[in-house]
There are 2 protein chains.
Amino acid sequence: MKTSARQRGAAGPHGALGTRDRIVRTASRLMQRQGYDGTGIKQISQEAEATLGSVYHFFPGGKQELAVAAIRHGEKEFADELREILDGEDDPAEAVVACTRRLAEGLRASDWVDGCPVTATALGTAGRVPDVQRAAAEAFAHWRRLVFDRLRRAGFAEDDAHDLSHTVISTLEGAELAAQVSQDDRPLHAAGRHLARLIDLHRPGAARS
Amino acid sequence: MKTSARQRGAAGPHGALGTRDRIVRTASRLMQRQGYDGTGIKQISQEAEATLGSVYHFFPGGKQELAVAAIRHGEKEFADELREILDGEDDPAEAVVACTRRLAEGLRASDWVDGCPVTATALGTAGRVPDVQRAAAEAFAHWRRLVFDRLRRAGFAEDDAHDLSHTVISTLEGAELAAQVSQDDRPLHAAGRHLARLIDLHRPGAARS
DNA sequence: CTCTAGATAGAGCGTTCGTTCTAGAAGGGA
DNA sequence: TCCCTTCTAGAACGAACGCTCTATCTAGAG
């Protein structure tokens, strides 16, 4: 019996999730918007409809452990979306453009509030909380790996795929950041067009300068 | 009498700066590293060797006004550096590569702690503090303008220069972010190589696909 | 039934937060 | 000389912080 039927009666904005899941999802969403220091444990427990006791029951390591779980949750969420988009297009260049469109839609739909789920948390704790920094680094590495694998599957050379996967993730992150700060999705659209050109340039069999 | 001779005797880690300047510089540096919520007014006043009274004397608007001043300071600082590098190279593509090198040096020298001077502050206050968001948007726009002007001066078409300036700033920001989080400067070097290729692609007179 | 581990509940701890407030020190103009 | 503005100094306030602690409740094992 991992999660018993002891949960509150399916009410509230959360589905039939267990208490632990509600806490992690809420923490992830709040830290994405307000950063690590801007998000209080009590705020998380309230919005997750859990009590302080439950939070410290599931996360005895306190705020740091909760932040790591929140980052890992955000990582998986975006990884699933990324994988779906990358596999949904025949051409990797078009797939990357689709990514920028999706990011722009998400930003606009949230009124420019919901950006990357790990950036705000990671940046606000730069060198202070090693566990958080490590989890954020793993998130970036994982996302980059997804792009790398997609390029390899399309026949790109290993070195090219490696470098391109770096730049694709960096540029997606940077363009989302610029779009969020400027409240304008043009940075994302420009990034999409340019990344597509760049991928075309390194396409296997293409002429190289 | 703007700044009297009433300052403390040139001691401390700060030069012969006025109290207001010491406060702004300290706030900028601390918020760059710890974000808006992670940086306290008292911490700023202590590290700036100023008192709380001085802080609220110069910034009656409190933390928000101070954060705006800190962002504007960081903006000017990076703009000066950016202008110097862009003008220091004959070719805009080489200039952008020089930028990525400079960013990598700065990150490494600070042990991956000093990233972009506005990102952490802006992200941590996403939609909550409009003044900060506006100042951050102006910073990005200003930096982008510097790249745009440099490309125009090199003869690039207006539309190309516009789109490229977007992607250059986005990618620089994203690569610096990825490098900081991963504590690894490879994202910046990959970004430099790819941005140079992209600029070459749009060079005036070059063949276009 | 009893017993126990898992989970929930929230009062309360010491600390720090942003801010306010009053008091004083320093220099220039009258 | 006195005054007035500018700047420095830090005690004090209510609120919020992360966290600890004890108490209670529930579901299943025996």
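What you see is a predicted model; the values in this text were computed from it and never measured.
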Contact list for DNA chain C against residues 30-44 of chain B - heavy-atom distance below 4.0 Å: B:T39, B:G40, B:I41, B:K42
Salt bridge check: are A:D87 and A:R153 linked by an N-O gap of less than 4.0 Å? yes
With a 4.0 Å cut-off, would you call A:D131 and A:R134 a salt bridge? yes
Where along residues 61-71 of chain A does a heavy atom fall under 4.0 Å from DNA chain D? A:G62, A:K63
Hey, can you pull the residues of residues 117-127 of chain B with a non-hydrogen atom under 4.0 angstrom from DNA chain D? none
Just to verify, what does [X] make a ring-ring contact (aromatic ring centres under 6.0 Å, His included) with, not counting sequence neighbours?
{"X": "B:H73", "answer": "none"}
{"X": "B:Y36", "answer": "none"}
{"X": "A:F59", "answer": "none"}

Atom of A:S28, atom of A:A70 and distance for their closest heavy-atom approach: OG-O, 3.4 Å
Tell me every residue that passes side-chain hydrogen bond (donor to acceptor under 3.5 Å, both in side chains) with [X], counting only those two or more places apart in sequence or in another chain.
{"X": "A:R186", "result": "A:D184"}
{"X": "B:T26", "result": "none"}
{"X": "A:Q133", "result": "none"}

Considering only D:dC7, D:dA11, C:dT8, which nucleotide approaches the side chain of B:T19 most closely? D:dC7
Per A:L52 side chain, nearest of listed nucleotides D:dG10, D:dT8, D:dT20: D:dT20
When you measure from the side-chain N and O atoms of [X] to the phosphate of [N], is any distance below 4.0 Å, counting only OP1 and OP2?
{"X": "A:H57", "N": "C:dA7", "result": "yes"}
{"X": "B:S54", "N": "D:dT8", "result": "yes"}
{"X": "A:T51", "N": "C:dA7", "result": "no"}

Output side-chain donor-acceptor pairs under 3.5 Å for residues 167-177 of chain A, partner residues at least two apart or in another chain, one line each.
{"residue": "A:T167", "atom": "OG1", "partner": "B:H194", "partner atom": "ND1", "Å": "2.5"}
{"residue": "A:S170", "atom": "OG", "partner": "A:H166", "partner atom": "O", "Å": "3.1"}
{"residue": "A:T171", "atom": "OG1", "partner": "A:T167", "partner atom": "O", "Å": "2.8"}
{"residue": "A:T171", "atom": "OG1", "partner": "B:T171", "partner atom": "OG1", "Å": "3.0"}
{"residue": "A:E173", "atom": "OE1", "partner": "A:T119", "partner atom": "OG1", "Å": "3.1"}

Identify whether any heavy atom of A:F58 sits under 4.0 Å from a base atom; if not, whether one sits that close to sugar-phosphate; answer base, sugar-phosphate or nothing. sugar-phosphate
Do any N or O atoms from the side chain of A:D91 and from the backbone of A:A93 form a donor-acceptor pair under 3.5 angstrom? yes
Residues at least two apart in sequence or cross-chain that pass salt bridge (charged side-chain N to carboxylate O under 4.0 Å, His left out) with B:D21, listed by chain then number, are none
Bend angle of the helix from C:dC1-D:dG30 to C:dG29-D:dC2 from five-pair axes at both ends, rounded to 10°? 10°
